[in-house]
2 protein chains.
Amino acid sequence: MAVTLADVAARAGVSAATVSRVLSGNYPVAGGTRTRVLRAVEELEYVVNGPASALAAASSDLVGVLVHDIADPFFGIIASAVQSEMESGGERGPGPGRKLAVVCNTGGSPEQELTYLTLLQRQRAAAVVLTGGAVEHPEHSPAIALRLRRLAAGGTRVVLCGRPPLPEPGTAPETAARPAAPARNRAGGDADEPLTIAFDNRGGARRLTEHLLALGHRTIGYVAGPAERTTTRDRLEGHRRALHEHSPGLLADADRLTVHGAYDRSSGYDGALELLRRAPEVTAVLGANDTVALGICAALREQGLRIPEDVSVAGFDDLPFSADAAPAMTTVRLPLHQAGVRAGRLALGREAPPPGGVATVRAELTARASTAPPRAGGTPAGGPG
Amino acid sequence: MAVTLADVAARAGVSAATVSRVLSGNYPVAGGTRTRVLRAVEELEYVVNGPASALAAASSDLVGVLVHDIADPFFGIIASAVQSEMESGGERGPGPGRKLAVVCNTGGSPEQELTYLTLLQRQRAAAVVLTGGAVEHPEHSPAIALRLRRLAAGGTRVVLCGRPPLPEPGTAPETAARPAAPARNRAGGDADEPLTIAFDNRGGARRLTEHLLALGHRTIGYVAGPAERTTTRDRLEGHRRALHEHSPGLLADADRLTVHGAYDRSSGYDGALELLRRAPEVTAVLGANDTVALGICAALREQGLRIPEDVSVAGFDDLPFSADAAPAMTTVRLPLHQAGVRAGRLALGREAPPPGGVATVRAELTARASTAPPRAGGTPAGGPG
DNA sequence: ACCCTCGCAGTAAGCGCTTTCTACAGGCCA
DNA sequence: TGGCCTGTAGAAAGCGCTTACTGCGAGGGT
């Protein structure tokens with residue numbers, strides 16, 4: 001635990017500077033010297049002191065990944081994709097340049113998000129990836145946006161994955177108040193602006209609703225996520241646009257047919273029951289995501305309704321378990337792994353930023369067995385009293 | 001990004017040492033001075049430089065959490081529990097003492113595990129939590145054990161969660177070769193030995209098998225995990241012990257009725273098909289875990305078999321989706337969240353180590369709808385040709 | 001054959017913090 | 001009233017690394 005650069009240098013018969021150069025690899029060192037140094041490193045089992053290195057270099061090799069819920073596969077998939085991208089970089093194993101992804105669970109709360117951002121800033125993280133929809137909060141949202149811009153201006157790469165791009169500054173007068181100091185010696189290229197990988201939630205929800213409409217459904221319930229989440233808002237918007245384009249009259253009932261909850265199973269369960277109470281005539285129910293849809297299925301089944309014969313159900317995201325549900329879930333496939341890899345590449349500066357700083361990934365309809373045409377009668381049997 | 005301790009000190013009219021003392025809180029500072037310092041911190045939006053602090057204090061506030069697969073809820077639940085425990089500590093928000101959990105995805109590979117351990121050692125992590133079963137490997141396992149002992153001896157708290165305790169040293173002659181240097185100034189109490197929270201995989205599997213035997217099953221297939229995983233080995237052992245205790249003859253067939261795969265859905269699917277090929281007369285199939293069991297269900301259903309009428313199926317772990325599967329899955333409940341919280345407390349030194357350094361958590365049978373008595377005939381209809 | 005350039009390695013000055021050691025007040029006892 | 005102890009704050013020495021800057025030997029142009 002106590003072997004330092006100097007020890008290695010002494011053993012190899014060179015100066016500490018040379019050892020540092022060999023290890024960091026960004027300076028020419030003669031072959032023989034390099035070999036000697038590497039041998040000394042091996043023999044002494046030397047492990048670089050990260051903090052010291054970060055202090056001197058003014059940047060650590062930590063990359064923060066903020067997720068709403070680590071136990072939710074949606075985020076798990078993205079996070080592991082980001083991490084796999086960090087791994088695939090270091091040819092020399094745990095050597096220099098190898099980044100460490102720090103996955104932080106925010107629980108979807110803006111306060112937590114801010115807290116973790118501070119923690120990451122304190123660690124002088126090389127990059128920060130924020131995943132999942134943003135939570136709109138009159139006070140915190142601007143604070144987070146400001147903080148992200150500051151981090152980006154300070155050389156930390158900021159990537160939003162599955163989040164809407166940051167609003168243009170200027171709204172907050174504070175932004176201009178603190179003139180940015182000219183960046184000092186920074187490792188990679190510039191990182192002056194947060195980058196975004198946006199999910200096409202709107203388009204996905206729209207195509208899903210169009211699928212239902214094409215099957216003949218006209219009374220479609222929606223168990224949505226928390227209203228303040230941008231993801232919720234976008235999906236709902238896509239849904240309603242599809243409704244409106246099919247026939248404007250369908251919008252009249254939309255509010256009554258929408259229930260808000262969280263992105264978890266019990267919200268789906270409770271939401272479905274509430275929906276049945278409000279509108280027993282629904283022939284299809286959309287879930288905020290696949291997990292919610294699973295809860296919806298459970299509730300409907302308990303009410304004696306068959307899926308999809310009596311009621312069609314669909315989710316969103318296409319998580320691994322969705323294909324295995326009984327019946328297999330109709331949903332919208334989001335290329336989460338791919339998005340995570342891309343976010344990782346962007347965070348590492350391995351990929352050129354998309355034009356305008358925003359790339360949008362498509363959400364494909366994946367029709368399976370949980371949706372079918374409504375029954376002729378329109379009103380299912382066995383509705384609750 | 002550039003405001004330092006010295007800036008704060010200047011603004012508050014005190015020395016840098018005083019500011020440091022106020023911020024770290026482990027030294028008496030007069031009330032008035034403290035207030036002035038805190039105000040300066042606020043006004044300047046000062047954020048401690050983590051690396052510098054870690055360098056000077058010889059220990060960072062990072063806690064590593066190693067998981068096999070972050071996208072698997074089993075690990076997600078444990079990891080988020082550990083993280084929530086870190087959060088609940090810091091009264092002063094992101095202030096000092098607040099630890100940052102680093103979740104690392106090893107993919108279940110010992111090499112990766114070693115790599116991340118090195119990375120964490122390089123960051124001078126305050127603690128390391130290893131979750132999930134260990135992979136037995138003739139070369140890597142001793143290396144990992146040795147590394148963990150070194151870390152522990154060096155002041156890093158090491159906690160194993162859901163892993164068997166480390167074997168006693170002495171097997172590896174290398175252990176004694178390097179006399180441990182006396183620990184210097186360390187923050188918390190001693191951390192000289194790795195601590196373990198063991199899962200009672202053996203007992204859980206045994207109770208699960210007993211449940212099946214009690215229902216009347218005699219030909220029980222087992223789609224197990226990778227053979228080199230300790231978790232796999234323990235569960236299989238519990239299963240076989242139950243078989244043996246019921247009637248030794250049942251063991252004769254055990255090898256034929258066991259198929260090995262990974263801990264994922266497709267292994268369950270493939271394993272079930274293989275099992276049906278080898279022994280079409282099975283009346284029950286156990287999965288290595290719930291995810292595997294889900295794959296088993298899918299395969300059986302595709303073969304025209306009903307669950308549980310034709311074949312009973314059971315899993316292990318009791319992940320959230322297991323209760324929602326159709327039919328609801330019989331499984332063994334592991335208190336993952338609770339175990340994660342405990343691991344976090346141990347890692348933070350908030351809880352006294354269990355006697356002997358090992359605590360075992362019980363695994364409870366959770367019988368649901370996917371298991372039932374076998375059909376009278378014993379051989380299900382519709383078996384593959 | 002000389003000077004300049006270039007490639008390689010050493011010297012040393014920090015990076016921003018923690019912490020020991022030291023210094024200075026008061027308040028207490030005798 | 002004088003000597004001491006206690007409480008509080010400053011000075012300064014690093015922690016282990018990176019990275020200018022400097023220096024030295026060897027090759028190439030004229």
Side-chain angles (χ1 to χ4, degrees), chain A residues 1-10 12-37 40-41 44 46-61 95-97 121-124 126 154-155 184-187, chain B residues 1-37 40-41 44 46-61 95-97 121-124 126 154-155 183-187:
Chain A
M1 209 74 178
V3 28
T4 72
L5 242 206
D7 299 333
V8 176
V14 299
S15 74
T18 301
V19 177
S20 171
R21 293 199 263 250
V22 168
L23 259 22
S24 72
N26 47 24
Y27 199 87
V29 172
T33 316
R34 140 167 287 116
T35 318
R36 236 169 335 127
V37 168
V41 167
L44 262 30
Y46 172 65
V47 175
V48 183
N49 182 317
S53 161
L55 173 58
S59 147
S60 77
D61 41 15
Q121 182 180 350
R122 163 157 120 201
Q123 299 296 337
R124 300 301 189 258
R184 284 192 315 163
N185 49 345
R186 216 180 315 132
Chain B
M1 206 77 178
V3 29
T4 72
L5 242 207
D7 299 333
V8 176
R11 175 146 196 145
V14 298
S15 74
T18 302
V19 177
S20 172
R21 293 198 263 250
V22 169
L23 260 22
S24 73
N26 45 25
Y27 199 86
V29 173
T33 314
R34 140 169 285 116
T35 317
R36 235 168 337 125
V37 168
V41 167
L44 262 29
Y46 172 67
V47 176
V48 184
N49 182 320
S53 160
L55 173 57
S59 146
S60 78
D61 41 14
Q121 182 179 350
R122 164 157 118 199
Q123 300 295 338
R124 301 303 188 257
R184 282 192 317 162
N185 49 344
R186 215 177 319 128

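Below, chains carry the letters A, B, ... as their sequence lines are ordered, and counting in each starts from 1. Heavy atoms only: backbone and side chains are in, while hydrogens, waters and symmetry mates are out. Only a predicted model underlies this, so the values are computations on that prediction, with no experimental measurement involved.
- With hydrogens and angles left out, the side chain of B:R21 and the base of D:dG10 share a donor-acceptor pair within 3.5 Å.
- Judged by distance alone with a 3.5 Å cut-off, no donor-acceptor contact links the side chain of A:Y27 to the base of D:dA20.
- Between A:S24 and D:dT18 there is no side-chain polar atom (N or O) within less than 4.0 angstrom of OP1 or OP2.
- The phosphate of D:dT18 has OP1 or OP2 within less than 4.0 Å of a side-chain N or O from A:S53.
- Across C:dT18, D:dA9, D:dG10, the shortest atom-to-atom separation from the side chain of B:L5 is found for C:dT18.
- Remark: the backbone N or O of B:Y27 is not paired with any side-chain donor or acceptor of B:R21 at under 3.5 angstrom.
- Base contact: B:A17 has a heavy atom under 4.0 Å from a base atom.
- For the pair A:R36 CZ and C:dC8 P, the computed distance is 14 Å after rounding to whole Å.
- Residue contacts for A:T4: at a heavy-atom cut-off of 4.0 Å it reaches the sugar-phosphate backbone alone, with no base atom in range.
- Distance A:L55 CG to D:dC17 P: 11 Å, rounded to the nearest Å.
- Counting only heavy atoms from C-beta on, A:V14 has its side chain closest to C:dG10 among C:dC17, D:dC17, C:dG10.
- Regarding B:N26, its CG atom lies at a distance of 15 Å from the P atom of D:dT8, rounded to whole Å.
- Of the candidates C:dT18, D:dA9, D:dT18, D:dT18 carries the atom nearest the A:A57 side chain, counting heavy atoms from C-beta on.
- Between A:L23 and the choices A:V41, A:V29, A:V8, the side-chain contact (heavy atoms from CB on, under 4.5 Å) rule is met once, by A:V41.
- Here the straight-line distance linking atom CG of B:L55 with atom CG of A:N49 works out to 6.0 Å at 0.5 Å rounding.
- The side chain of A:S20 places an N or O atom within less than 4.0 Å of a non-bridging phosphate oxygen (OP1 or OP2) of D:dT18.
- Nearest-nucleotide positions on DNA chain C place A:P28 closer to the 5' end than the other of A:A16 and A:P28.
- Per the geometry, CG belonging to A:D61 stands 13 Å off P belonging to D:dC17, to the nearest Å.
- Residue B:N49 places its side chain closer to C:dG16 than to any other of C:dA9, D:dC17, C:dG16.
- Listed pair B:S15 / D:dA11 fails the phosphate criterion, with no side-chain N or O lying under 4.0 Å from OP1 or OP2.
- We find the OG-CG distance between B:S20 and B:N26 to be 8.0 Å, quoted to the nearest 0.5 Å.
- Contact check for B:R124 versus B:D61: no side-chain heavy atoms found under the 4.5 Å cut-off.
- Dashed line: the shortest gap from a side-chain N or O of B:T33 to OP1 or OP2 of D:dA9 is under 4.0 Å.
- Between B:L44 atom CG and C:dG16 atom P there is a gap of 14 Å when expressed in whole angstrom units.
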